[in-house]
Visitor: 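Here it is: the structure, laid out below.
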Amino acid sequence: MPLYTSKSVLLGLTALFSVTGFAVSADEITTFTKNGAAIGGTDPVAYFTQGKPIAGSDEYTFQYDDVTWKFSSAENRDKFAADPVKYAPQYGGFCAFGLSKGFKVPVIPEAWKIVDGKLYLNNSIAVQDRFEGNTEEYINHADLNWDIVKDTKPEDLKEPIIR
């Protein structure tokens, strides 16, 4: 497996972010959406109950944090509705590794990890591997950075936060 330096990963995230010019509405400032739904329509409860990402359905939706969340079953929708903070991914579903550097980067459903009962998503499998190499440090940095960038549009985050 190739080694990724912090600089190369950071440059890759910066390039991806610069090229990914996605339109942002007010609710998408704090929650990653794709195709009109949080985390691209992936059922957030399924990570906890089935141990993998499962596509949600238009039949089972719930409004939380001013965005639509989709679920694979009424049961999962009801679990989320009863305790959204428990099931919603950290950092509004933006990439945990990206947040550790001060950027809001889109994610893929397959790059995920539950740590201490919290769901963390990442931008790619390669970034996920990097995240898993030092999870505690990346989460600590992302937690601090989230307070700084939470209410900032993704495209307005131009410089990394170096800790």
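Only this structure's heavy atoms are used, side chains among them; waters, hydrogens and symmetry mates stay out.
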Visitor: Would you give the length of the straight line joining atom NZ of Lys113 to atom CD of Glu132, rounded to the nearest 0.5 angstrom?
Guide: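 So the gap between those two atoms works out to 4.5 Å.
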Visitor: Could you give the distance from OG1 (Thr31) to OH (Tyr64), rounded to the nearest 0.5 Å?
Guide: 8.0 Å
Visitor: Nearest 0.5 Å, please: how far is CZ in Phe103 from OG1 in Thr152?
Guide: 12.0 Å
Visitor: Compare every heavy atom of Ala142 with every heavy atom of Ala96, then report the nearest pair and how far apart it is.
Guide: O-CB, 3.7 Å
Visitor: Between Asn140 and Glu137, do the side chains contain an N or O donor and an N or O acceptor separated by less than 3.5 Å?
Guide: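 Asn140 vs Glu137: no donor-acceptor pair found between side chains.
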Visitor: Which heavy atom of Arg130 sits nearest a heavy atom of Phe97, and at what distance?
Guide: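 Taking Arg130 first and Phe97 second, the nearest heavy atoms are CG-CE1, 3.5 Å.
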Visitor: Determine whether Val45 and Phe71 make a side-chain contact, defined as any pair of heavy atoms from C-beta on separated by less than 4.5 Å.
Guide: yes
Visitor: Check whether any side-chain heavy atom of Leu157 sits under 4.5 Å from a side-chain heavy atom of Lys104, and report yes or no.
Guide: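 Leu157 vs Lys104: side chains touch.
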Visitor: Tell me whether Tyr138 shares a hydrophobic cluster with Ile148, the cluster being built from Ile, Leu, Val, Met, Phe, Trp, Tyr side chains joined at under 4.5 Å.
Guide: yes
Visitor: Might you point out which heavy atoms bring Val67 and Ala38 nearest each other, and give the distance in Å?
Guide: CG2-CB, 4.1 Å
Visitor: Evaluate side chain to side chain contact (heavy atoms under 4.5 Å, CB included) for Lys101 paired with Ile161, printing each intermediate quantity in order.
Guide: CA-CA 5 Å; Lys101 305 302 180 194; Ile161 298 173; over 6 Å; no
Visitor: Can you list the residues that meet the salt bridge (Lys or Arg N to Asp or Glu O under 4.0 Å) rule with Asp58, with sequence neighbours excluded?
Guide: Lys70
Visitor: Once rounded to the nearest 0.5 Å, what's the spacing between atom CG of Asp65 and atom OG1 of Thr30?
Guide: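 With rounding to 0.5 Å, CG (Asp65) is 4.5 Å from OG1 (Thr30).
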Visitor: Determine whether Val127 and Ile139 fall in the same hydrophobic cluster, where Ile, Leu, Val, Met, Phe, Trp and Tyr are linked whenever their side-chain heavy atoms lie under 4.5 Å apart.
Guide: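 The answer is yes; both residues are in one hydrophobic cluster.
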Visitor: Would a distance-only check, ignoring hydrogens and angles, find a side-chain to backbone donor-acceptor pair under 3.5 Å from Asp43 to Ser72?
Guide: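 Side chain of Asp43 to backbone of Ser72: a pair is present.
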Visitor: Of all heavy-atom pairs between Pro106 and Asn123, which one has the smallest distance, and what is that distance?
Guide: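 In this case the closest contact between Pro106 and Asn123 is O-ND2, 2.8 Å.
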Visitor: What closest approach, in Å, do Asn76 and Ser73 show between heavy atoms, and which atom pair accounts for it?
Guide: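 Where Asn76 meets Ser73 most closely, the heavy atoms are N-OG, 3.0 Å.
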Visitor: Under the rule for side-chain contact (heavy atoms from CB on, under 4.5 Å), what residues qualify as partners of Pro109, not counting sequence neighbours?
Guide: Thr42, Tyr47, Pro53
Visitor: Are Phe48 and Ile114 packed together at the side-chain level, in the sense that at least one heavy-atom pair is separated by less than 4.5 angstrom?
Guide: yes
Visitor: Is there a side-chain contact between Ile39 and Thr33, using heavy atoms and a 4.5 Å cut-off?
Guide: no
Visitor: To the nearest 0.5 Å, how far apart are CD in Glu110 and CD in Gln128?
Guide: 11.0 Å
Visitor: Ignoring hydrogens and geometry, is there a side-chain-to-backbone donor-acceptor pair from Gln90 to Tyr120 under 3.5 Å?
Guide: no
Visitor: Distance only, no hydrogens: is a donor on one side chain within 3.5 Å (strictly under) of an acceptor on the other, for Tyr91 and Asp143?
Guide: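 Side-chain D/A pair, Tyr91 to Asp143: present.
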Visitor: Please collect all salt bridge (Lys or Arg N to Asp or Glu O under 4.0 Å) contacts where either partner lies in residues 71-84, sequence neighbours excluded, each pair once.
Guide: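 Counting only pairs at least two positions apart or across chains, the salt bridge (Lys or Arg N to Asp or Glu O under 4.0 Å) contacts touching residues 71-84 are Glu75-Lys79.
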Visitor: When you group the ILVMFWY residues by side-chain heavy-atom contacts below 4.5 Å and let the links chain together, are Trp146 and Leu119 in the same group?
Guide: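 Looking at the clustering, Trp146 is in the same group as Leu119.
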Visitor: Side-chain contact, heavy-atom cut-off 4.5 Å: Leu121 with Cys95?
Guide: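 No - every pair of side-chain heavy atoms lies 4.5 Å or more apart.
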Visitor: Only one of Phe80, Phe32, Phe62 clears ring pair (Phe, Tyr, Trp, His ring centres under 6.0 Å) with Trp69; which?
Guide: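 Among Phe80, Phe32, Phe62, the one that satisfies the ring pair (Phe, Tyr, Trp, His ring centres under 6.0 Å) with Trp69 is Phe80.
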Visitor: Looking at Asn122 and Ser124, would you say the former's side chain and the latter's main chain have a donor-acceptor pair under 3.5 Å?
Guide: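 Pair absent, no side-chain N/O of Asn122 close to backbone of Ser124.
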